[in-house]
2 protein chains.
Amino acid sequence: MATGRTHRPATRSRGIPEATVARLPLYLRALTGLSERSVPTVSSEELATAAGVNSAKLRKDFSYLGSYGTRGVGYDVEYLVYQISRELGLTQDWPVVIVGIGNLGAALANYGGFASRGFRVAALIDADPAMAGKPVAGIPVRHSDQLEEIIRDNGVSIGVIATPAGAAQQVCDRLVAAGVTSILNFAPTVLSVPDGVDVRKVDLSIELQILAFHEQRKAGEDVRDVAAPPPTTVAQDGASSRPAGAGARTDREGPDDELPAVMPA
Amino acid sequence: MATGRTHRPATRSRGIPEATVARLPLYLRALTGLSERSVPTVSSEELATAAGVNSAKLRKDFSYLGSYGTRGVGYDVEYLVYQISRELGLTQDWPVVIVGIGNLGAALANYGGFASRGFRVAALIDADPAMAGKPVAGIPVRHSDQLEEIIRDNGVSIGVIATPAGAAQQVCDRLVAAGVTSILNFAPTVLSVPDGVDVRKVDLSIELQILAFHEQRKAGEDVRDVAAPPPTTVAQDGASSRPAGAGARTDREGPDDELPAVMPA
DNA sequence: TATTGTGAAGGCATTCACAGCT
DNA sequence: AGCTGTGAATGCCTTCACAATA
């Protein structure tokens with residue numbers, strides 16, 4: 001990388017790799033923990049361990065943001081927290097809506113990790129009229145008739161879909177039409193969206209299937225001595241690099257599986 | 001990087017790339033949908049669209065499994081469903097336990113996508129005595145005192161952790177000690193596990209933060225015409241390739257955020 | 001001395017483009 | 001004629017290893 005040699009690179013190096021972006025929240029969480037324990041500085045080695053990656057990767061990641069460390073010393077925790085927060089856009093307020101208030105939607109509404117990172121749950125939305133008005137996590141559920149109104153009034157640009165698969169695409173269409181440009185999708189469906197809209201998907205069943213694949217491979221030689229599992233301590237790589245592009249056409253209805261949310265089409 | 005890998009040099013010529021493994025469940029879901037509509041065959045182009053990837057990638061992925069297609073025709077849907085299921089290890093029964101029956105745990109327990117893919121919820125476990133016996137999704141919740149017993153009696157090798165962050169490592173240790181070798185972790189913590197144990201992580205807050213990063217970048221030129229969003233239709237790449245490695249040492253307690261599950265340490 | 005920041009190398013993953021079959 | 005299967009090309013990400021520097 002061209003050493004801008006400016007102490008603080010005013011030139012925002014536009015090209016932060018996706019893989020790096022996906023790890024920034026990891027670093028931020030580790031740093032927050034250190035910050036709460038009033039640790040002033042941390043080395044790349046220590047921070048990497050806390051975040052579950054290796055130190056070379058961490059240093060390379062940080063090099064894309066700028067030169068925020070001090071050679072021979074390490075990184076200033078508070079300063080790094082600020083820089084990463086800013087880079088991720090967490091210094092501003094992000095109103096989000098959660099659509100589909102079943103068990104999963106309720107879990108999300110109750111999740112404390114949002115508020116502490118600049119995300120504010122502007123509204124909970126469900127299609128079931130019986131739920132309207134009921135408070136979940138202290139926030140009254142509103143009927144989906146008001147979806148567009150809610151989006152516009154609150155300037156919501158991020159939407160979370162926690163509906164059954166069958167309703168997901170319709171909800172998505174309405175969110176996008178109303179102005180949402182980023183969607184976190186928990187429904188097991190491929191969403192179709194216009195260009196310029198980001199979709200990220202979290203699929204519970206897929207993660208389990210990947211585990212099953214690896215589990216199957218272990219069956220052979222690996223007769224673990226269950227009695228005494230050595231409390232080893234290895235470097236963990238919890239990276240998550242998954243691009244999310246525009247939508248693919250999918251005319252068909254959702255498959256058999258549904259998330260247990262309460263929002264029929 | 002690959003998971004807590006037992007480095008196996010040449011023993012197994014079964015070298016399916018992680019990125020491919022992560023997409024197999026995607027193909028499987030699309031194929032299941034086609035199967036239910038009694039579609040007999042499908043081309044790589046059609047299937048790729050339904051799964052949200054491009055066809056070259058799909059063909060390359062399938063080439064690692066073998067030559068299951070017919071040139072000039074396409075793939076036999078039923079045959080592919082079987083082959084992929086077998087490759088993923090879904091033709092056998094996988095008893096799983098879910099620990100931490102809060103909203104999220106309940107959502108997981110109710111999730112229909114498990115049963116239909118060879119996963120059987122052997123037990124729901126929670127530390128709250130008040131929950132013991134209560135049925136969730138038709139399955140009675142059992143107290144965590146019985147965790148080891150449940151794991152052994154049911155031959156459980158896959159565990160799902162949906163507890164608050166503070167309890168996750170302890171639960172993880174007990175699961176591993178009892179014989180679990182694959183863990184799906186929803187708690188926002190880096191888990192430390194012995195070599196040979198796979199951990200995959202799902203982190204709700206991280207996904208949102210990545211969306212926020214991209215959302216922030218849009219703010220510049222993109223003054224969306226909210227009135228008429230063009231219902232474009234582009235190819236979407238919803239791949240998910242995220243390795244999960246062995247555990248890193250982390251002495252500290254979990255950060256501020258907790259999943260809203262009901263399982264104090 | 002201790003630790004960062006980063007070119008360079010190496011390894012994967014994706015995409016291209018076409019030979020090979022049906 | 002149409003579609004798969006795959007070498008080759010390309011690009012991205014990770015890891016190495018060390019010069020730069022507080």
Side-chain angles (χ1 to χ4, degrees), chain A residues 1-9 13 15-24 26-27 40-49 51-77 79-80 83 235-243 245, chain B residues 1-3 5 7 9 15-24 26-27 40-49 51-77 79-80 83 235-243 245:
Chain A
M1 255 296 131
T3 340
R5 96 176 163 310
T6 18
H7 223 190
R8 213 181 301 164
S13 37
I16 300 179
E18 262 305 301
T20 294
V21 172
R23 281 188 295 267
L24 291 182
L26 236 51
Y27 303 142
T41 61
V42 66
S43 71
S44 64
E45 195 66 53
E46 293 166 325
L47 183 54
T49 301
V53 303
N54 72 56
S55 62
K57 196 185 286 183
L58 177 142
R59 287 201 302 278
K60 181 63 102 179
D61 283 342
F62 285 179
S63 79
Y64 294 117
L65 308 183
S67 291
Y68 294 148
T70 305
R71 292 170 202 240
V73 178
Y75 300 91
D76 181 277
V77 172
Y79 187 55
L80 246 194
Q83 290 298 345
Q236 172 171 341
D237 193 332
S240 156
S241 73
R242 42 157 79 173
Chain B
M1 251 307 140
T3 31
R5 63 262 148 141
H7 228 296
I16 301 178
E18 263 304 301
T20 295
V21 171
R23 281 188 294 266
L24 291 181
L26 235 53
Y27 303 142
T41 61
V42 66
S43 70
S44 65
E45 195 65 53
E46 293 166 326
L47 183 54
T49 301
V53 304
N54 72 55
S55 63
K57 196 185 285 183
L58 178 143
R59 287 200 303 278
K60 180 64 100 178
D61 283 342
F62 285 179
S63 79
Y64 293 116
L65 309 182
S67 290
Y68 295 146
T70 306
R71 292 172 201 237
V73 179
Y75 300 92
D76 182 277
V77 172
Y79 187 55
L80 246 195
Q83 290 297 346
Q236 170 172 344
D237 193 332
S240 155
S241 73
R242 43 157 76 173

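Within every chain, numbering begins at 1; the chains are lettered A, B, ... in the order of the sequence lines, protein sequences first and strands thereafter.
The interatomic distance linking A/Glu45 (CD) with D/dC16 (P) rounds to 12 Å, in whole Å. A/Asp61 has its CG atom 14 Å from the C1' atom of C/dT4, to the nearest Å. Here D/dT6 presents its C1' atom at 10 Å from OH of B/Tyr64, a figure rounded to the nearest Å. The nearest whole Å value for the distance from the CD atom in B/Glu18 to the C1' atom in D/dC13 is 15 Å. Distance CG (B/Leu58) to P (C/dT15): 12 Å, rounded to an integer number of Å. Whole-Å rounding puts the A/Ile16 CD1 to D/dT14 P distance at 14 Å. Atom CZ in B/Phe62 sits roughly 14 Å away from atom P in C/dT14 (whole-Å rounding). Spacing between atom OH of A/Tyr68 and atom P of D/dT21 amounts to 19 Å, rounded to whole angstrom units.
Between B/Lys57 and C/dA13, a side-chain N or O to OP1/OP2 separation shorter than 4.0 Å is absent. Between B/Asn54 and C/dT14 there is no side-chain polar atom (N or O) within less than 4.0 angstrom of OP1 or OP2. The side chain of A/Ser44 places no N or O atom within less than 4.0 Å of a non-bridging phosphate oxygen (OP1 or OP2) of C/dT3.
If you check D/dT15, C/dT4, C/dT14 against the side chain of A/Arg71, the one that comes closest is C/dT4. Of the listed nucleotides (D/dT15, C/dT6, D/dG5), C/dT6 has the atom at the smallest distance from the side chain of A/Arg59.
Applying side chain to side chain contact (heavy atoms under 4.5 Å, CB included) to A/Val77 and the options A/Val42, A/Leu47, A/Thr41 leaves one that passes, A/Val42.
For the pair A/Lys60 and A/Gly72, nearest-nucleotide mapping onto DNA chain D gives the more 5' position to A/Lys60.
A distance of 9.5 Å separates CZ of A/Arg59 from OG of A/Ser43, quoted to the nearest 0.5 Å. Rounding to the nearest 0.5 Å gives a distance of 11.5 Å between OG of B/Ser63 and OH of B/Tyr68.
For A/Tyr27 against A/Ala51, the heavy-atom pair with the smallest separation is CD2-CB, 3.8 Å. When all heavy atoms of B/Leu80 and B/Phe62 are compared, the closest pair comes out as CD1-CE1, 3.4 Å.
Across all strands, A/Tyr75 comes closer than 4.0 Å only to sugar-phosphate atoms, never to a base (heavy-atom distances).
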